[in-house]
Number of protein chains: 2
Amino acid sequence: MGKRKENSTNMLNESYITESCNLTYAVCKIGGRWKLLILCKLENGKLRFSELRNQIKGITERMLTLQLRELEKEGLIKRTVYAEVPPRVDYELTEIAKELVPIWNQLSNWGAKHKEILLSSVSSSI
Amino acid sequence: MGKRKENSTNMLNESYITESCNLTYAVCKIGGRWKLLILCKLENGKLRFSELRNQIKGITERMLTLQLRELEKEGLIKRTVYAEVPPRVDYELTEIAKELVPIWNQLSNWGAKHKEILLSSVSSSI
DNA sequence: TATGGTACTAACAAATTTGTAAGTAATGGG
DNA sequence: CCCATTACTTACAAATTTGTTAGTACCATA
């Protein structure tokens with residue numbers, strides 16, 4: 001997001017874990033604060049910058065831009081600029097991103113289940 | 001990890017996205033630097049603290065402790081302390097964590113594929 | 001009495017991510 | 001000429017995560 005230091009321990013550790021573990025690698029690709037939310041919004045087709053901004057409560061234009069840029073760099077979304085004024089830009093999932101959709105659904109179901117389990121274990125410990 | 005501020009925008013945003021999106025929620029549960037690696041190591045059964053430390057290159061005892069504590073709090077691992085000297089503690093996946101395994105495998109495959117695609121698109125652009 | 005092994009904790013510092021506030025460019029419409 | 005609209009950028013500050021270093025307790029053994 002800001003540039004990273006090139007040889008910080010932090011950086012080296014990240015390289016190590018993403019190189020040695022494809023699972024960690026995969027999760028890192030979608031690991032920014034707003035990325036999954038953005039990808040989910042795009043699941044049903046293209047959206048413009050302003051549409052994303054309006055659909056995602058709380059995100060600032062700066063954050064939206066940053067996350068979109070990273071997603072684009074990682075090949076998960078495709079950005080299309082139309083030569084118009086005022087500008088028009090839209091975003092859509094790439095093929096490889098679409099392959100994530102069924103996995104997301106399972107993860108999402110798992111999340112819902114986990115949420116319930118945590119809730120019930122909390123309330124039972126009162 | 002250190003305590004978080006209670007009403008920072010950051011914190012409120014995180015609450016919002018994890019409450020409104022189960023997928024984001026799920027990914028947040030496994031979102032620490034070393035968490036997935038730890039969970040993977042535990043996939044084949046219990047491991048002691050020192051075994052984890054030795055199997056995960058680069059992790060410090062502090063980080064290992066922190067990540068284990070969070071995983072425990074989130075109900076993904078179970079910690080067992082034996083009343084011995086020197087101390088013995090082991091960690092294992094909980095049931096709900098085990099349910100993630102098949103999903104991990106898919107994600108991991110996706111990661112491997114994504115890695116290749118990125119590589120080939122980089123080399124073809126030289 | 002000194003040493004060793006295990007699983008940690010504490011105080012601090014560095015790196016990274018996220019958020020705030022205020023711009024910018026281009027052009028059509030009034 | 002002035003304003004509105006869209007999709008951004010820039011400089012900065014705050015929050016959060018990660019890493020460094022040096023401890024701790026316990027008891028068995030040398």
Side-chain angles (χ1 to χ4, degrees), chain A residues 1-18 24 28 30-38 46-72 77 79-91, chain B residues 1-18 24 28 30-38 46-72 77 79-91:
Chain A
M1 323 219 92
K3 276 101 193 189
R4 303 184 67 177
K5 280 218 163 173
E6 197 130 313
N7 281 310
S8 60
T9 304
N10 187 303
M11 177 54 151
L12 296 175
N13 279 340
E14 183 178 313
S15 301
Y16 162 65
I17 60 180
T18 55
T24 303
C28 279
I30 50 177
R33 161 74 43 105
W34 305 94
K35 281 187 194 166
L36 280 174
L37 221 45
I38 294 172
K46 298 182 180 187
L47 287 177
R48 302 180 58 164
F49 184 88
S50 54
E51 291 172 318
L52 284 168
R53 184 194 48 198
N54 295 334
Q55 288 186 27
I56 300 176
K57 175 185 138 192
I59 198 170
T60 61
E61 301 197 327
R62 172 182 147 75
M63 272 298 126
L64 182 52
T65 304
L66 281 175
Q67 304 275 291
L68 287 170
R69 289 290 177 280
E70 289 193 4
L71 287 168
E72 193 191 357
I77 60 175
R79 178 171 179 262
T80 309
V81 184
Y82 300 87
E84 298 176 4
V85 169
R88 183 158 66 98
V89 177
D90 62 31
Y91 297 90
Chain B
M1 323 220 94
K3 277 102 193 187
R4 302 183 66 177
K5 281 219 162 172
E6 198 130 312
N7 280 309
S8 60
T9 305
N10 188 303
M11 177 54 150
L12 296 176
N13 279 340
E14 183 177 314
S15 302
Y16 162 67
I17 60 180
T18 55
T24 302
C28 279
I30 50 177
R33 162 74 44 105
W34 305 93
K35 281 187 193 165
L36 280 174
L37 221 46
I38 293 171
K46 298 183 181 187
L47 287 177
R48 303 179 58 164
F49 185 87
S50 54
E51 292 172 319
L52 284 169
R53 184 194 47 198
N54 296 334
Q55 289 186 26
I56 300 176
K57 174 185 138 193
I59 198 169
T60 61
E61 301 198 327
R62 172 181 147 74
M63 271 299 125
L64 181 52
T65 304
L66 280 175
Q67 304 275 293
L68 287 169
R69 288 290 176 281
E70 288 194 6
L71 287 168
E72 194 192 357
I77 60 176
R79 177 169 180 265
T80 310
V81 183
Y82 301 87
E84 299 175 4
V85 169
R88 183 156 67 96
V89 178
D90 62 30
Y91 296 91

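Just so it is clear, the structure is predicted and the values come from calculations on it, not from any experiment. Chain identifiers are assigned alphabetically (A, B, ...) following the order of the sequence lines, protein sequences preceding nucleic acid strands; residue numbering begins at 1 within each chain.
In terms of modelled atom types and a separation under 3.5 Å, the side chain of B:R33 and the main chain of A:N10 share a donor-acceptor contact.
A close approach under 4.0 Å does occur between a side-chain nitrogen or oxygen of A:N13 and OP1 or OP2 of D:dG19. Of the side-chain N and O atoms in B:R62, none sit less than 4.0 angstrom from OP1 or OP2 of C:dC12. Dashed line: the shortest gap from a side-chain N or O of B:T9 to OP1 or OP2 of D:dA15 is not under 4.0 Å. Contact check, A:S50 against D:dA7: a side-chain N or O comes under 4.0 Å of OP1 or OP2. Phosphate proximity of C:dG19 to A:R33: present, with a side-chain N or O under 4.0 Å from OP1 or OP2. Contact check, B:R69 against C:dC8: a side-chain N or O comes under 4.0 Å of OP1 or OP2. A sub-4.0 Å separation between OP1 or OP2 of D:dT17 and a side-chain N or O of B:Q67 is absent. Listed pair A:S8 / C:dT16 meets the phosphate criterion, a side-chain N or O lying under 4.0 Å from OP1 or OP2. Using a 4.0 Å cut-off, some side-chain N or O of A:R79 falls inside it from OP1 or OP2 of D:dC8.
When heavy atoms are screened at a 4.0 angstrom cut-off, A:T65 is found touching base atoms of the nucleic acid. Across all strands shown, B:Y82 has no heavy atoms under 4.0 Å from either base or sugar-phosphate atoms. Among the atoms of the strands shown, none is found under 4.0 Å from any heavy atom of A:R53.
Both A:F49 and B:E6 lie near DNA chain D, and the one whose nearest nucleotide falls closer to the 5' end is A:F49. Heavy-atom nearest nucleotides on DNA chain D were determined for B:E14 and for A:Y91, and the one closer to the 5' end corresponds to A:Y91.
Taking atom CD1 of residue A:I77 and atom P of nucleotide D:dA7, one finds them 14 Å apart after rounding to whole Å. Atom CE of B:M63 and atom P of C:dT16 are 14 Å apart (whole Å). Remark: P of D:dT17 and NZ of B:K5 are 14 Å apart, rounded to the nearest angstrom.
Note that CD1 of B:I56 and OH of A:Y16 are 7.5 Å apart. Values are rounded to the nearest 0.5 Å.
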Could you give me the CA-CA distance, side-chain angles and deciding distance for A:L66 and A:W34, then say whether side-chain contact (heavy atoms from CB on, under 4.5 Å) is met?
-> CA-CA 10 Å; A:L66 281 175; A:W34 305 94; over 6 Å; no
